Every structure is written in C-alpha cells, then in structure tokens.
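Presented below is the structure to which this report refers.
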Amino acid sequence: QVQLVESGGGLVQAGGSLRLSCVASGRTFSRRAMGWFRQAPGKEREFVVAISSNGGITNYADSVKGRFTISRDNAKNTVYLQMGSLKPEDTAVYYCAARTTGYGTRWYGDYDYWGQGTQVTVSS
C-alpha cells in the first residue's frame, strides 16, 4: 500500500520551467520503479518518463527527451520531474505512479499506485 502526493504544478509561460515532486508513503519506496504520466482533456493517459528503483535507469518519451529530467531521493521517499523549455502541448494533469514489481515501463497498466495529479498549464 502506497500513497502518492504530487505537488509543484501551476501556470507557466512557454519556454519556462517547473519542478514537480511526488512524495510516497510506506517503507518500500526504494524498491519500486516510479513513473510520470500525463493526461490532457479528451486524450488517453500518456507516458512521460520512468525511473528504476535505484535511479540508475531512466526511460523518456520522445516528446520530452532533452527537456525533462526525472530523479529520485530514496532517503526522502520522493521522485521529481524537472520540466524545462515547456510548450503548450505539455499542458495536462501530471500523475505520479509506482510499480509493485518490475522496471519503469511505458504502459500505465503496469503501475499499481497513483497520485491525485497536479495541473500543469503552459501558455503561449
């Protein structure tokens, strides 16, 4: 059982930056791969990035590669998403997710726990 709480969303102009944080409850955070997904109105949930349990392996969607960076601090039970060079197309609700087993994959069905989401809006 894991509870995830995201923070850091907000309004930003195109080209700006935001850092999202996700704090997890429990004693098993360091054993879990973590991911960020996003969902815009009328669209399916979209993979953004994932990170392995020890932070050694990351997987980025092509649309954010070079602009977003995922990191984690297992001592703080926290995963971060640093977003730069933001575009209006990045506007969505961003969700933090945790797996029970396995690596940081690209499909939302592989993740077992989800946060409530935080809104990111990028204006032109």
Side-chain angles (χ1 to χ4, degrees):
Q1 297 86 331
V2 177
Q3 296 179 33
L4 305 173
V5 180
E6 303 100 330
S7 63
L11 305 175
V12 64
Q13 289 185 284
S17 300
L18 283 174
R19 189 179 76 160
L20 307 184
S21 299
C22 173
V23 179
S25 67
R27 312 292 192 209
T28 60
F29 179 78
S30 64
R31 295 160 52 189
R32 299 180 183 275
M34 302 291 295
W36 287 96
F37 293 77
R38 65 188 183 186
Q39 189 165 23
K43 294 187 176 181
E44 293 184 344
R45 196 173 343 184
E46 177 187 19
F47 170 78
V48 178
V49 64
I51 189 168
S52 61
S53 59
N54 66 1
I57 303 172
T58 56
N59 299 105
Y60 291 87
D62 289 343
S63 60
V64 306
K65 193 173 298 182
R67 300 189 297 121
F68 291 10
T69 302
I70 191 171
S71 61
R72 66 190 295 161
D73 186 340
N74 286 348
K76 296 181 178 180
N77 271 29
T78 303
V79 63
Y80 304 95
L81 182 63
Q82 180 67 49
M83 305 184 294
S85 300
L86 283 163
K87 305 175 181 179
E89 308 94 89
D90 296 317
T91 295
V93 177
Y94 283 70
Y95 297 94
C96 174
R99 295 199 70 181
T100 298
T101 60
Y103 300 99
T105 60
R106 286 174 158 81
W107 191 53
Y108 70 86
D110 289 335
Y111 293 80
D112 304 294
Y113 302 97
W114 295 83
Q116 299 302 304
T118 185
Q119 177 71 48
V120 173
T121 302
V122 184
S123 65
S124 59

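Computed from a prediction, not measured in an experiment: that's the story for all the values here.
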message: So M83 and L20, do their side chains get closer than 4.5 Å, heavy atoms only?
response: yes
Taking side-chain contact (heavy atoms from CB on, under 4.5 Å) as the test, write out the residues that go with [X], two or more places apart.
X    : value
A97  : F37, Y111, W114
I57  : S52, N59
T121 : L11, T91, Q119

- prompt: Is a donor on one side and an acceptor on the other found under 3.5 Å between the side chain of D73 and the backbone of T78?
  reply: no
Kindly work out whether a path of hydrophobic side-chain contacts (I/L/V/M/F/W/Y, heavy atoms less than 4.5 Å apart) joins [X] to [Y].
X    : Y   : result
F47  : L4  : no
I70  : V23 : no
V2   : V79 : yes
Y108 : M34 : no

message: Ignoring hydrogens, what is the shortest heavy-atom contact between P88 and A14? Give both atom names and the distance.
response: CD-CB, 4.2 Å
- request: Considering non-hydrogen atoms only, spot the tightest contact between E46 and S63 and give its length.
  value: OE2-OG, 4.0 Å
task: Please name all residues satisfying side chain to side chain donor-acceptor pair (under 3.5 Å) with S85, sequence neighbours left out, ordered by chain then number.
output: none
Pairs involving [range], ordered by first then second residue, that meet salt bridge (Lys or Arg N to Asp or Glu O under 4.0 Å) (sequence neighbours left out):
range            : result
residues 111-124 : none
residues 97-111  : none
residues 83-97   : R38-D90, R67-D90

message: Under the ring-ring contact (aromatic ring centres under 6.0 Å, His included) definition, can you give me all pairs with a residue in residues 4-36, not counting sequence neighbours?
response: none
statement: Residue pairs passing the ring-ring contact (aromatic ring centres under 6.0 Å, His included) test with at least one member in residues 52-88, sequence neighbours excluded, are none
field: Atom pair CZ/CH2 of R45 and W107 - distance to nearest 0.5 Å
entry: 10.0 Å
- prompt: Between NZ of K65 and OG1 of T58, what distance do you get to the nearest 0.5 Å?
  reply: 9.0 Å
- request: Kindly check if the number of other-residue, nucleotide or ligand heavy atoms within 6.0 Å of CD (Q116) is above 12?
  value: no
- prompt: Going by the disulfide bond (SG atoms under 2.5 Å apart) test, which pairs reach into residues 58-124, not counting sequence neighbours?
  reply: C22-C96
query: Can you list every side-chain hydrogen bond (donor to acceptor under 3.5 Å, both in side chains) pair that touches residues 13-34, not counting sequence neighbours?
result: T28-R32
